[in-house]
Amino acid sequence: MTKLSQVSEMELEDGSVPWIGPHGQCMERLELHLTYTCPERCVFCSEEHRMRSYKKFPVTWGRVATILRTHAERGVKAVHLTGGEPTIYPRFIEVLELSKKLGMRTSVGTIGTMLRRKKFAEEALPLLDEALFSIHGPSAEMHDKLTGRPGSFAQVTEALSLCKELKPEFNAFVNTVITKDNIHLLPDTVALVADLGASLIVVSNTTPEGLGEDHYEQLAVPLPVLADVLPTVPERAGDAIVRFFGVPMCLLGKHATLSNDLHWDPRVTVEWQSAPGKVAFTGIYSWAPDRRRVHTNQCTKCDLKQVCSGVFDKYQDLWPTDALVPQGGGPTSTHSGTNS
Ligand code: SF4
């Protein structure tokens, strides 16, 4: 399966980009990094190294407008604004206005910095289809510990609540990253954000990228613990949909179909990349959610191998993976469990 392709904007201009994926998928989702600044210091931040490298290269309005226009022309139908903290981008509202004018669905990944402010939220919400709020614990004690900033939990939960108050039908989604520290609180975190009005809750395994890679040994949740906790989560989510990102499907028990491996859209991520002698605003094409993930010996005979991307490569390098439960009873299976 194709992993990633990286194409500079120069190449984009002549149309020589792979807009059709290896299995016939169309590229309809743009992830656009608007800023490399963030007021928080999450222990697992996948972008920390890049923020350090590229903070001094502001993303200009002209560049943003060009990216939106060229991608709309090529058939992109949805833009997800990310960063850093994208809502602090000085022309954030104009980014939403242009995206809407171009017919795109709009979303933002946020810690709530500006959406907590009523005037800003009132301007943004008519132009915003959804927001993915980062909430990593059921209390300030845990969330603020992981984000490294007192007041962070209050800010993001108030922002989510304000958005639902101003626009009750608003698609308030939540991303919660799991680590050794907060995994035991995950069911409570999920119950809390469902109560706040989240309609989609993404449970994201710590990814070995950025600080997540630097601190992986301290952060990564052992596979047996994932197998114990994750299947208990959906029952705490009320009416919200749960998705599990970066988790082997066989650890989800009867909830394997909630794996994000099955619900993932191809995307082009546009961001600064280092090129010989310069930095370039570059499109990176992802056709499958298999970044940094590998199949293990246990996966060899698993019936789900074609759809499950396995474990993170760094996990396999560091620890045994014999807690995996190959599906379909292949010869490498050590358990009798199934997903049915
Ligand atoms: S055994 Fe491997 S391929 Fe099968 S569900 Fe588990 S991680 Fe995925």
Side-chain angles (χ1 to χ4, degrees), residues 1-4 21-25 44 46 175-180 182-184 186-187 190 200-209 212-213 215-237 241-267 286-340:
M1 186 174 284
T2 301
K3 285 263 186 186
L4 287 170
H23 303 293
Q25 317 97 304
F44 42 71
S46 59
N175 181 49
T176 187
V177 177
I178 46 173
T179 69
K180 270 186 194 140
N182 68 359
I183 183 71
H184 61 292
L186 178 64
V190 165
L200 173 73
I201 303 167
V202 182
V203 176
S204 297
N205 206 358
T206 293
T207 305
E209 292 185 349
E213 174 141 42
H215 303 154
Y216 197 71
E217 285 182 69
Q218 292 78 50
L219 294 173
V221 184
L223 296 181
V225 177
L226 292 178
D228 276 348
V229 176
L230 298 187
T232 71
V233 164
E235 69 196 42
R236 300 292 302 279
I241 294 169
V242 176
R243 295 278 181 259
F244 295 98
F245 172 82
V247 174
M249 286 175 69
C250 54
L251 303 186
L252 299 176
K254 67 180 182 182
H255 299 297
T257 57
L258 302 183
S259 165
N260 209 43
D261 290 0
L262 302 173
H263 304 270
W264 191 88
D265 298 321
R267 60 204 56 190
S286 306
W287 295 103
D290 54 2
R291 186 168 166 79
R292 297 294 307 261
R293 291 176 70 190
V294 293
H295 289 122
T296 70
N297 288 340
Q298 288 89 351
C299 305
T300 308
K301 297 291 182 183
C302 178
D303 288 350
L304 296 179
K305 190 179 173 190
Q306 293 303 314
V307 290
C308 168
S309 294
V311 299
F312 283 117
D313 55 3
K314 184 128 183 161
Y315 191 98
Q316 188 189 34
D317 291 345
L318 289 169
W319 297 297
T321 58
D322 50 10
L324 297 177
V325 189
Q327 303 296 288
T332 59
S333 176
T334 55
H335 302 263
S336 58
T338 71
N339 276 337
S340 60

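Whatever order the structure lists them in is the order used to number ligands and atoms, beginning at 1. This structure is a prediction, so every number in the text was calculated from the model and none was measured.
Those atoms of ligand 1 with a heavy atom of Gly310 less than 4.0 angstrom away are 7 (S).
Among the backbone and side-chain atoms of Cys250, no N/O/S atom is found under 2.8 Å from atom 2 (Fe) of ligand 1.
Shortest contact from atom 2 (Fe) of ligand 1 to any protein heavy atom: Cys299 SG, 2.3 Å. Protein heavy atom closest to atom 4 (Fe) of ligand 1, with residue, atom name and distance, is Cys302 SG, 2.4 Å. Distance from atom 7 (S) of ligand 1 to its nearest protein heavy atom, with residue and atom name: Pro248 CB, 3.5 Å. Ranking protein heavy atoms by distance to atom 8 (Fe) of ligand 1, first place goes to Cys308 SG, 2.3 Å.
Here the CG atom belonging to Asn205 is positioned 4.5 Å from the CD1 atom belonging to Ile178, to the nearest 0.5 angstrom.
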Checklist entry - How far apart are the C-alpha atoms of Glu209 and Thr207, what are their side-chain angles, what is the distance that settles it, and do they pass the side-chain hydrogen bond (donor to acceptor under 3.5 Å, both in side chains) test? => result CA-CA 6 Å; Glu209 292 185 349; Thr207 305; 5.9 Å; no
Please determine whether side-chain contact (heavy atoms from CB on, under 4.5 Å) holds for the pair Arg293 and Tyr315, giving the CA-CA distance in whole Å, both sets of side-chain angles, and the decisive distance to 0.1 Å. CA-CA 9 Å; Arg293 291 176 70 190; Tyr315 191 98; over 6 Å; no
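Within the 3.5 Å criterion, the main-chain N or O of His263 finds no donor-acceptor partner in the side chain of Arg243. His184 places no side-chain N or O within 3.5 Å of a backbone atom of Val229 that could act as its donor or acceptor partner.
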